[in-house]
Protein chains: 2
Amino acid sequence: MGENLPGDAVENGKKSPRTPKHWELKERLADLLRAVSPGGSLPGERALASEFGVSRTTVRKALAELTAEGRLTRVHGSGTFAGEGKLTQRLQLSSYTEDMRSHGRRPTSSLLDARIGAADPELAALLGIRSGDDVLRLRRLRRADGEPMAIETSRLPLPRFPGLDRFVGDGSLYGVLYQHYGVELGHAEETIETALATPAEAALLGNEAGALMLLLSRHSFDTEGRPVEWVRSVYRGDRYKFVATLVSPQSSDESTERERER
Amino acid sequence: MGENLPGDAVENGKKSPRTPKHWELKERLADLLRAVSPGGSLPGERALASEFGVSRTTVRKALAELTAEGRLTRVHGSGTFAGEGKLTQRLQLSSYTEDMRSHGRRPTSSLLDARIGAADPELAALLGIRSGDDVLRLRRLRRADGEPMAIETSRLPLPRFPGLDRFVGDGSLYGVLYQHYGVELGHAEETIETALATPAEAALLGNEAGALMLLLSRHSFDTEGRPVEWVRSVYRGDRYKFVATLVSPQSSDESTERERER
DNA sequence: GGACTTGAGTGGTTTAGACCATTGCGATTA
DNA sequence: TAATCGCAATGGTCTAAACCACTCAAGTCC
């Protein structure tokens, strides 16, 4: 990964606590992997274990880390293959569809379910409604070039958008909001953190439970500053990364600094 | 995590491939954990294994996932303790110091090493210099309230900032750039992805090798659009999350769309 | 009192082996 | 020919056990 300045060999001369065998094996497997083109296959676990003179457990630990980093793909019953690298997703206030298209990818989106429920106090505060008011909850599976990319759970205040549940489908949500309610997005607050896949998420994403995920939360507001939606999305950490463009702080009249630790 | 809408119980009625024992155990341990205040201790691995009637290996797998999620902290030789939650770091073009201070935290920063090396072609392109030109590489350890937070590796073009290596220290790099070279930052392109800690990183961050990390790359430009630095930072994924404010795309004259997949 | 040693208890690593679940292909069969 | 079955190979889960490395406190020695 571009660490080509001279003198990088011994990063820490400290005391070298001890190098676990699975780490050393991981490095050797990474070397082996460099000679394999994306999609190519690797030897089986048992073969690797005997070849390198370690137990299968140790092999699995090394392979697990390489898989978490997206450098390997493993298919139960079939084999272990070289990974495909990460796609990028831009952090910006535009629709998923046009964003993906600008990257030359074919985006699709399918509505998993739409439910109406009552807002708890926390959610009510986020959406600018009263506790107990109706909230429309949408779950979408987003794909890029057919491959599952993220599970997105949106929550919108029904009192502000009466009848919204009858308009939503696989199409653009933001389009519906604009056409039926005249709402345009102004800004959003987005947080990014790591997470592990739940079994349910893994099943939808073609993933493994416990896999590395990126968790995005987005709190969107319209051009007049009123809350529009609260979204929680999980992305496969081994397949996607995010890009943001930061600008010099001159339009920083964001006096509404919200404290939301944890 | 605010999943309080009714009907959340059975997320996927699909076919339920099988629930591994370590997953079930993880849920039970999470329950057990809810009754423990942050910093409180849990029983040892061997005790848990016999209490739940599983092997120590299975206990360790469940504990490992909870640790990766930041819900547990484990100390070799001492015990297993409840986690402390995540701190937030804002994605913005301001100094680390003032950002942390605005969150009420005491930031410190120490220079690990400063080296001069030759740029490879890729790095030269990023920094707007010729391949082989001198590059100053700085490694910093950033802390918040004394706790190691991130390892930051910056690379700056020495031809543009002659003598910079004599000015750098534990203080603000951006301050030095402004005072000695009149450089102010204009914008930056930042990418965020997941990674696993290397043993060297883990040693510096008080972490475990293979732990979940957030990897930030920042490519900064001055107010005239010339590249200033290229930074690569690793943050503990179990302790930090990032916040960005997105604004409506009106000033999107970013015709310099750079393709940097993988 | 202060410095050192010792040992019990903790998490960390590794092994060898068993069994399960999925895949895919070759042989068999209709 | 086309569908089906069986089986071997693969990755996934789990166990029991051994040993290592670190921490901390109790005990010991000076």
Side-chain angles (χ1 to χ4, degrees), chain A residues 14-29 40-68 71-83 196-197 199 202-203 206-211 238, chain B residues 14-29 40-68 71-83 196-197 199 202-203 206-211 238:
Chain A
K14 305 199 64 167
K15 56 179 178 181
S16 171
R18 196 165 86 98
T19 310
K21 205 181 284 189
H22 62 81
W23 184 271
E24 194 181 328
L25 176 62
K26 179 185 171 185
E27 307 256 287
R28 297 178 67 179
L29 290 176
S41 69
L42 261 68
E45 297 177 351
R46 291 162 179 86
L48 289 171
S50 71
E51 177 177 351
F52 289 99
V54 298
S55 74
R56 199 179 148 213
T57 311
T58 304
V59 171
R60 280 184 61 77
K61 188 150 193 172
L63 291 176
E65 294 205 354
L66 290 168
T67 305
R71 302 206 261 175
L72 281 183
T73 305
R74 320 193 66 189
V75 183
H76 189 173
S78 177
T80 302
F81 310 93
L196 298 182
N207 221 358
E208 297 309 317
D238 58 343
Chain B
K14 304 199 65 168
K15 57 177 178 182
S16 170
R18 196 166 84 98
T19 310
K21 203 182 285 188
H22 62 80
W23 183 271
E24 194 181 326
L25 177 62
K26 180 186 171 185
E27 306 255 287
R28 298 179 65 180
L29 290 177
S41 69
L42 259 70
E45 296 179 353
R46 291 161 178 86
L48 289 172
S50 71
E51 177 177 351
F52 289 97
V54 297
S55 76
R56 199 178 146 212
T57 311
T58 304
V59 170
R60 280 184 62 77
K61 189 151 191 174
L63 291 176
E65 293 204 356
L66 289 168
T67 305
R71 302 205 261 174
L72 281 183
T73 305
R74 320 193 67 190
V75 184
H76 189 176
S78 177
T80 302
F81 309 93
L196 298 182
N207 221 359
E208 297 309 316
D238 58 344

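In what follows, chains carry the letters A, B, and so on, assigned in the order in which the sequence lines appear, proteins first and then strands, with residues in each chain numbered from 1. In this text, all values refer to a predicted model and were calculated from it rather than measured experimentally.
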Each nucleotide in nucleotides 3-8 of chain D should get exactly one letter: B, S or -. Can you fill that in based on protein heavy atoms under 4.0 Å? ------
Does the protein touch nucleotides 13-19 of chain D at the base, only the backbone, or not at all? Give it as B, S and - per nucleotide, heavy atoms under 4.0 Å. BSBB-BB
Just to verify, what does [X] make a side chain to side chain contact (heavy atoms under 4.5 Å, CB included) with, not counting sequence neighbours?
| X | answer |
| --- | --- |
| A64(A) | none |
| S50(B) | none |
| S41(A) | F81(A) |
| T73(A) | none |

Measure across [X] and [Y] and return the closest heavy-atom pair with its distance rounded to 0.1 Å.
| X | Y | value |
| --- | --- | --- |
| V59(B) | L25(B) | CA-CD2, 3.7 Å |
| D238(A) | T67(A) | CB-O, 4.0 Å |
| W23(B) | P199(A) | CZ2-CD, 2.8 Å |
| L29(B) | A62(B) | CD1-CB, 4.0 Å |

Rounding to a whole Å, what distance do you find between [X]:[atom1] and [N]:[atom2]?
| X | N | atom1 | atom2 | answer |
| --- | --- | --- | --- | --- |
| F52(A) | dT14(C) | CZ | P | 15 Å |
| K26(A) | dT14(C) | NZ | P | 14 Å |
| L25(A) | dT14(C) | CG | C1' | 12 Å |
| L48(A) | dA16(C) | CG | P | 15 Å |
| L66(B) | dG11(C) | CG | P | 14 Å |

side-chain hydrogen bond (donor to acceptor under 3.5 Å, both in side chains) partners of T58(B), counting only residues at least two apart: S55(B)
Could you name each residue pair satisfying salt bridge (charged side-chain N to carboxylate O under 4.0 Å, His left out) that touches residues 57-68 of chain B, not counting sequence neighbours? K26(B)-E65(B), E45(B)-R60(B)
Nearest 0.5 Å, please: how far is CG in L42(B) from OG1 in T80(B)? 6.5 Å
Every protein N/O lying under 3.5 Å from an N/O of nucleotides 6-9 of chain C:
from: dG9(C); atom 1: N2; to: G77(B); atom 2: O; distance (Å): 3.0

